[in-house]
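Heads up, the thing below is written out as C-alpha cells.
Labels below follow one simple rule: chain letters A, B, ... track the order of the sequence lines, proteins then strands, and each chain is numbered from 1.
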2 protein chains.
Amino acid sequence: MSQDGSGVDLETSVGYLLKEASSALRLAMEEVLRPFGMTVTHYACLELLAQRPGSSNSELARGAFVTRQSMNVLLQALEQDGYVTRAKEAPVGKALPTRLTSRGRRSLEMASAAVRSVEMRMMAGLTETERSNVAGILRSMVRSLRQSDDTP
Amino acid sequence: MSQDGSGVDLETSVGYLLKEASSALRLAMEEVLRPFGMTVTHYACLELLAQRPGSSNSELARGAFVTRQSMNVLLQALEQDGYVTRAKEAPVGKALPTRLTSRGRRSLEMASAAVRSVEMRMMAGLTETERSNVAGILRSMVRSLRQSDDTP
DNA sequence: TGTTGTATGTCAGAAGACTGACATGAGCAG
DNA sequence: CTGCTCATGTCAGTCTTCTGACATACAACA
C-alpha cells in the first residue's frame, strides 16, 4: 500500500508487528499488575525465582532481559520489602543466591494468576494450528537474531 | 519441566517467548543502527514519516508505541538536528504536520537497509508456512490483547 | 450560544533502565 | 606460582520514557 521496493513497509513488517505485539502485551500486563503495585520486571524476577530458586543477580537479569545493574537495584528493593532474601556470603565465586520469602511467594501467586489470564486472552484469538506453531516460530526468530549478534 | 499447574512456565510461555523475541530484535536493531547514531525509536519515527508524511506528533507516538510526550522530546531533537521540519502553525486543530528533510531522507535510506537485513535474518530460520503465518498470528494476538484493554 | 467531550502540544518531575567503571573471585595456560 | 581471562556484584552518573498537569482547538449537542 505504501512501499515500492526500498524502505520497510510497516503494515506488513514482521519486525514492526513483533514490536506492536510486545507493546500490547506489556500494556496488558502492566494493567493487571498495577493493582499489586508490581511492574513487569518485578513480576518476572519473582517468577524466575519461583522456577529457579537460588538464582544469582546476573542470572535473573538475563532471564528478565535487563542488565545486571538494573536487576541489582530491583533486588535491593525487593529484599528491603521482604519479598526475597539474598545470601550474605557467596558459597562460590561472587554470586549471591536469592530466594523467595513466603511473602514473595504469596505475592507471586496472585500476580501469576493475573498474568496467566492475560496470556489466555492473547491466545484466545488463535486457531489450534496457530497455537501449536507460535512458540516454535518465536524460538526460531530468537535463534536467528542471535546468530551473529554475540559474535562480534 | 518445572510447572505443576500453578505459576507460569517460562520455558513454554508464549508471553515470555514474545518478550524474548522482541528483546533480541531490539538488541539486533540497536546494533545495526548504532553506526548511524540512531536509536530504534529514532528510526521508527523517520520510517513513519516516510510512509505517512505530514503526521502529527501524536500520530507518530502511536505508531512508534511511545507516549506523545516521549515523541515530542525526540521530535524537538530531530528538528534541531535538521532531520525533520514541523509546521509552525496548525492548519487545523493543534496538530503540527511533520515532514522529513532531504537530510532525514538520506539518513533513513541507509538505516532502512540495515534494518531490512535484520528482518531478513530474523525470517531466515522460518519455514515457508511459518513465514506466511507469523504476521497473522501476531496481528491476532494484538487484537485479542486490546480487547478489554481500552474499554475500562 | 455555551457546554461537554475528545484530541493535541507542551512543560515539569519521577521512575526505570542503561553505560561506564572498579573490585573481587574462579578457572586456566604458561 | 603467576598472569590472563571471564563472570559477578556494586557504585555512580546519564538517558530515555513515563506519569501528572495544564492550555488550546475542534466537534457534537442541548
Side-chain angles (χ1 to χ4, degrees), chain A residues 19 22-24 26-31 33-35 37-46 48 52 54-81 84-98 150-152, chain B residues 19 22-24 26-31 33-34 37-45 48 52 54-81 84-98 150-152:
Chain A
K19 188 174 174 182
S22 85
S23 170
R26 180 188 167 80
L27 277 175
M29 285 186 65
E30 282 173 348
E31 188 181 342
L33 289 175
R34 193 169 305 126
M38 218 181 271
T39 69
V40 175
T41 308
H42 183 141
Y43 159 75
C45 178
L46 298 186
L48 282 162
R52 307 204 262 273
S55 292
S56 71
N57 175 35
S58 288
E59 288 171 331
L60 293 170
R62 278 190 294 270
F65 311 109
V66 297
T67 61
R68 65 213 154 111
Q69 291 92 328
S70 297
M71 183 55 74
N72 196 28
V73 172
L74 174 60
L75 272 185
Q76 288 176 359
L78 289 178
E79 181 173 27
Q80 187 166 352
D81 294 350
V84 306
T85 57
R86 303 186 72 182
K88 298 310 167 203
E89 297 175 359
V92 57
K94 289 191 70 181
L96 305 175
T98 309
D150 44 356
T151 53
Chain B
K19 187 174 175 182
S22 86
S23 170
R26 180 187 169 79
L27 277 174
M29 285 186 65
E30 281 173 350
E31 187 180 343
L33 289 176
R34 195 169 304 127
M38 218 181 273
T39 68
V40 176
T41 309
H42 183 140
Y43 158 76
C45 178
L48 282 162
R52 306 204 263 272
S55 291
S56 69
N57 175 35
S58 288
E59 288 170 332
L60 292 170
R62 279 190 293 268
F65 311 110
V66 296
T67 61
R68 56 208 161 110
Q69 291 91 329
S70 298
M71 183 54 74
N72 196 27
V73 173
L74 175 60
L75 272 185
Q76 287 176 358
L78 289 178
E79 182 172 27
Q80 187 166 353
D81 294 350
V84 306
T85 57
R86 304 187 72 183
K88 298 310 168 205
E89 299 175 358
V92 58
K94 290 191 69 180
L96 305 174
T98 310
D150 45 356
T151 53

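Look at CG on B:L75: it is 12 Å from P on D:dT17, rounded to the nearest Å. One atom, CE of B:M38, and another, P of D:dT16, lie 14 Å apart when rounded to the nearest Å. For the pair B:N57 CG and C:dA7 C1', the interatomic distance rounds to 12 Å; values are reported in whole Å. We find that CD of A:Q80 is positioned 14 Å from P of D:dT10, with the value rounded to whole Å. Here D:dT19 presents its C1' atom at 13 Å from CZ of A:R26, a figure rounded to the nearest Å.
The shortest distance between the side-chain N/O atoms of B:R86 and the OP1/OP2 oxygens of C:dT10 is below 4.0 Å. Phosphate contact (OP1/OP2 of D:dC18, side-chain N/O of B:S70, threshold under 4.0 Å): present. Put simply, B:T67 has a side-chain N or O that comes within less than 4.0 Å of OP1 or OP2 on D:dC18. Between A:N72 and D:dT10, a side-chain N or O to OP1/OP2 separation shorter than 4.0 Å is present. Within the structure, a side-chain polar atom (N or O) of A:R62 is placed less than 4.0 Å from OP1 or OP2 of D:dT8.
Taking the side chain as every heavy atom from C-beta outward, B:N72 and B:Q76 approach each other to under 4.5 Å. Counting heavy atoms from C-beta on, the side chains of A:H42 and A:L33 never come closer than 4.5 Å. A heavy-atom distance below 4.5 Å is found between the side chains of B:E30 and B:R34. Considering only heavy atoms from C-beta on, B:S70 stays 4.5 Å or farther from B:T41 through its side chain. The shortest distance between side-chain heavy atoms of A:L48 and A:S55 does not fall below 4.5 Å.
Separation of atoms CG (B:L78) and OG1 (B:T85) is listed at 11.5 Å; rounding is to 0.5 Å. Atom CZ of A:R26 sits about 12.5 Å away from atom NZ of A:K19, to the nearest 0.5 Å. Note that OG1 of A:T39 is 6.5 Å distant from CG of A:L74, once rounded to the nearest 0.5 Å. Atom CG in A:N57 sits 8.5 Å away from atom CZ in A:R68 (nearest 0.5 Å). The distance from the CZ atom of A:R86 to the NZ atom of A:K88 is 8.0 Å, given to the nearest 0.5 Å.
Each of A:S58 and A:E30 lies near DNA chain D, and the nucleotide nearest A:S58 is the one positioned closer to the 5' end. Summary of the strand contacts: B:R34 and B:P97 both lie near DNA chain C, and taking for each the nucleotide with the nearest heavy atom, the more 5' one is attributed to B:P97.
Residue-level contact check: B:T39 touches neither bases nor backbone, having no heavy atom under 4.0 Å from any strand. The residue A:L74 sits apart from the nucleic acid: no heavy atom pair falls under 4.0 Å. Contact annotation for A:Q76: backbone-only contact, meaning every heavy-atom pair under 4.0 Å involves sugar-phosphate atoms and none involves a base.
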So which protein N/O to nucleotides 1-3 of chain D N/O distances come out below 3.5 Å?
none

Reading nucleotides 20-27 of chain D from the 5' end, what letters show protein touch, with B for base, S for backbone sugar-phosphate only, - for no heavy atom under 4.0 Å?
BB-BBSS-
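Comparing D:dC18, C:dG9, D:dG9 against the side chain of A:S56 picks out D:dG9 as the nearest.
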